[in-house]
Number of protein chains: 2
Amino acid sequence: MARQRSGAATREAIRAAAARLFRDHGFAGTSVRDIAARADIDPALVIRHFGSKELLFLETVRLTIDDEPLLDVPLDSLGRRFIEVLLDSGEDIRGVYLALLRGSGNPQIADRLSASHETAFVEPLRRRLPGADADVRARLAGALVGGLLYALWVVGDEHLIAVGRDELVSRYGALLQQLLTPVPTGTTGTPGATAPTSPRPTAAPRPRR
Amino acid sequence: MARQRSGAATREAIRAAAARLFRDHGFAGTSVRDIAARADIDPALVIRHFGSKELLFLETVRLTIDDEPLLDVPLDSLGRRFIEVLLDSGEDIRGVYLALLRGSGNPQIADRLSASHETAFVEPLRRRLPGADADVRARLAGALVGGLLYALWVVGDEHLIAVGRDELVSRYGALLQQLLTPVPTGTTGTPGATAPTSPRPTAAPRPRR
DNA sequence: GTCTATATGGAGATAGAC
DNA sequence: GTCTATCTCCATATAGAC
């Protein structure tokens with residue numbers, strides 16, 4: 001019979017349905033009718049409560065990493081940790097990231113993506129970085145991090161996925177770490193090697209622990 | 001008036017119009033009518049010649065990078081060079097990359113993106129890499145490269161763009177180089193602070209095969 | 001080969017009775 | 001606040017006359 005609900009409950013039902021559908025099928029792949037059906041209400045109510053499909057998207061699809069306590073580790077292991085947190089994040093983050101990315105043809109969604117990238121991928125790192133060029137390094141790190149998610153989630157590189165979480169954390173984390181705490185040439189007591197071009201011995205997959 | 005043209009000319013006109021519009025406005029943002037209008041023909045002809053909008057997209061939107069400049073560069077400067085080539089690539093690559101990315105909700109377009117990523121970003125690097133784990137390293141490199149384009153073109157990180165081409169090449173190139181020729185501790189000069197002075201503008205001429 | 005006309009379906013959004 | 005009914009617009013795709 002689809003009994004009437006209170007206004008607040010309806011609003012919540014719409015929000016929940018929208019969040020889920022947008023996350024799973026993106027902005028274009030979700031219709032107002034789909035949302036209404038899932039919330040078991042009339043399509044007109046969706047517009048009535050949120051004004052438009054676009055506003056509803058912007059209200060429900062937010063990228064947040066609130067595992068920030070997990071990032072409370074020494075700076076020299078922040079790289080690994082950050083990758084770890086991302087890879088262990090649930091389906092939520094993945095879906096939201098994909099929805100924002102694929103919807104970024106829409107200017108408003110593009111703005112939201114831009115802000116989300118800043119908040120989730122750049123800012124948490126920049127806060128920890130010392131040095132005058134901390135901002136640039138954090139932004140390069142944001143690009144690097146985004147690249148991993150792009151390769152795994154958007155491209156869906158099967159061979160990269162098959163590498164497995166632990167090795168990805170180790171290798172890509174080390175790469176990120178390079179950006180957070182660039183290894184200076186002199187600290188580890190290496191002699192001032194003047195011959196830069198050395199024929200590469202193979203392997204050595206872990207430049208830094 | 002819209003006088004008649006030959007079949008081949010019409011087909012070409014459609015193809016050209018589609019390539020341009022898809023690249024500028026994406027798959028969802030381009031209608032068959034838009035394409036027909038730009039080609040100055042009837043919308044029905046678009047379908048008649050190419051079967052569907054989707055097939056037309058797949059036929060006209062291809063990501064190709066000219067990897068010739070990468071062939072003769074020494075392995076230890078391939079990282080910088082690769083970033084250079086990407087950043088100097090024209091509006092074409094950017095548009096195609098964005099169209100594929102934003103259209104990747106469509107399974108066929110996702111497949112195309114996957115293949116393009118492999119061909120353009122992974123394969124050219126893997127060819128040059130020695131070692132048993134060359135494949136993995138090339139894929140990690142592909143992720144890294146994709147991340148830069150993502151940050152610059154999708155997110156549109158203004159502060160990162162403002163860094164400028166040369167410094168991006170230098171810093172992000174050094175990062176990529178870490179993956180191509182890993183070094184336990186820095187040997188090839190400071191990784192990122194200033195341009196490490198081995199420009200090697202264009203290498204020795206070499207016959208194409 | 002080309003074009004006119006149209007089929008068919010789905011979208012977002014609205015009007016107005018209850 | 002909610003729902004029924006509908007509006008308007010636009011999409012891809014097709015049928016059939018020239």
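Labels below follow one simple rule: chain letters A, B, ... track the order of the sequence lines, proteins then strands, and each chain is numbered from 1. Every heavy atom of this structure was used, including side-chain atoms; hydrogens, water molecules and symmetry mates were not. Note that the structure is predicted; figures quoted are calculated from it, not measured.
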Report summary line: A:His25 NE2 to C:dA11 P, in whole Å, measures 13 Å

Report summary line: Under a 4.0 Å heavy-atom cutoff, the residues of residues 98-106 of chain A touching DNA chain C are none

Query raised in the report: What is the distance, rounded to the nearest whole Å, between atom CD of A:Glu12 and atom P of D:dT2?
Result: 13 Å

Report task. Using the test ring pair (Phe, Tyr, Trp, His ring centres under 6.0 Å), find all partners of B:Tyr172 that sit at least two apart in sequence or belong to another chain. Result -> none

Query - Nearest-Å distance for atom pair CG/C1', residues B:Leu45 and D:dT14 - result: 13 Å

Query raised in the report: Sequence neighbours excluded, which residues qualify as side-chain contact (heavy atoms from CB on, under 4.5 Å) partners of A:Ala19?
Result: A:Thr60

Report task. Report the residues that fulfil side chain to side chain donor-acceptor pair (under 3.5 Å) with B:Gln108, sequence neighbours left out, ordered by chain and then residue number. Result -> B:Glu54

Would you be so kind as to tabulate the donor-acceptor pairs closer than 3.5 Å made by side chains of residues 154-164 of chain B, with sequence neighbours excluded?
{"residue": "B:Asp157", "atom": "OD1", "partner": "A:Arg139", "partner atom": "NH1", "Å": "2.9"}
{"residue": "B:Asp157", "atom": "OD1", "partner": "B:His159", "partner atom": "N", "Å": "3.1"}
{"residue": "B:Asp157", "atom": "OD1", "partner": "B:Leu160", "partner atom": "N", "Å": "3.1"}
{"residue": "B:Asp157", "atom": "OD2", "partner": "A:Arg139", "partner atom": "NH1", "Å": "3.0"}
{"residue": "B:His159", "atom": "ND1", "partner": "A:Arg139", "partner atom": "NH2", "Å": "3.4"}

Query raised in the report: For A:Arg112, what residues pass the side chain to side chain donor-acceptor pair (under 3.5 Å) criterion, not counting sequence neighbours?
Result: none

Identify each atom pair where a protein N or O and an N or O of nucleotides 12-18 of chain C are less than 3.5 Å apart, giving names and distance.
{"residue": "C:dG12", "atom": "OP1", "partner": "A:Lys53", "partner atom": "NZ", "Å": "2.8"}
{"residue": "C:dG12", "atom": "OP2", "partner": "A:Val32", "partner atom": "N", "Å": "2.8"}
{"residue": "C:dG12", "atom": "N7", "partner": "A:Arg33", "partner atom": "NH1", "Å": "2.8"}
{"residue": "C:dG12", "atom": "O6", "partner": "A:Arg33", "partner atom": "NH2", "Å": "3.0"}
{"residue": "C:dA13", "atom": "OP2", "partner": "A:Lys53", "partner atom": "N", "Å": "3.1"}

Query raised in the report: Got a sec, which pairs hit ring pair (Phe, Tyr, Trp, His ring centres under 6.0 Å) with one end in residues 100-125 of chain A, sequence neighbours left out?
Result: A:His117-A:Phe121, A:His117-B:Tyr150

Query raised in the report: Would you say a side-chain N or O of A:Thr10 is under 4.0 Å from OP1 or OP2 of D:dG1?
Result: no

Query raised in the report: salt bridge (Lys or Arg N to Asp or Glu O under 4.0 Å) between B:Arg128 and B:Asp67: does it pass, once the steps are laid out?
Result: CA-CA 12 Å; B:Arg128 301 287 306 273; B:Asp67 60 354; over 6 Å; no

Requested in this report: Please state how far atom CZ in B:Phe57 lies from atom P in D:dA13, giving the value in whole angstrom units.
Outcome: 14 Å

Query raised in the report: OP1 or OP2 of C:dT2 sitting under 4.0 Å from any side-chain N/O of B:His49?
Result: yes

**Report entry** Length of the CD1-P vector between B:Ile14 and C:dG1, whole Å
**Finding:** 11 Å

Requested in this report: Could you name each residue pair satisfying salt bridge (Lys or Arg N to Asp or Glu O under 4.0 Å) that touches residues 94-106 of chain B, not counting sequence neighbours?
Outcome: B:Glu91-B:Arg94

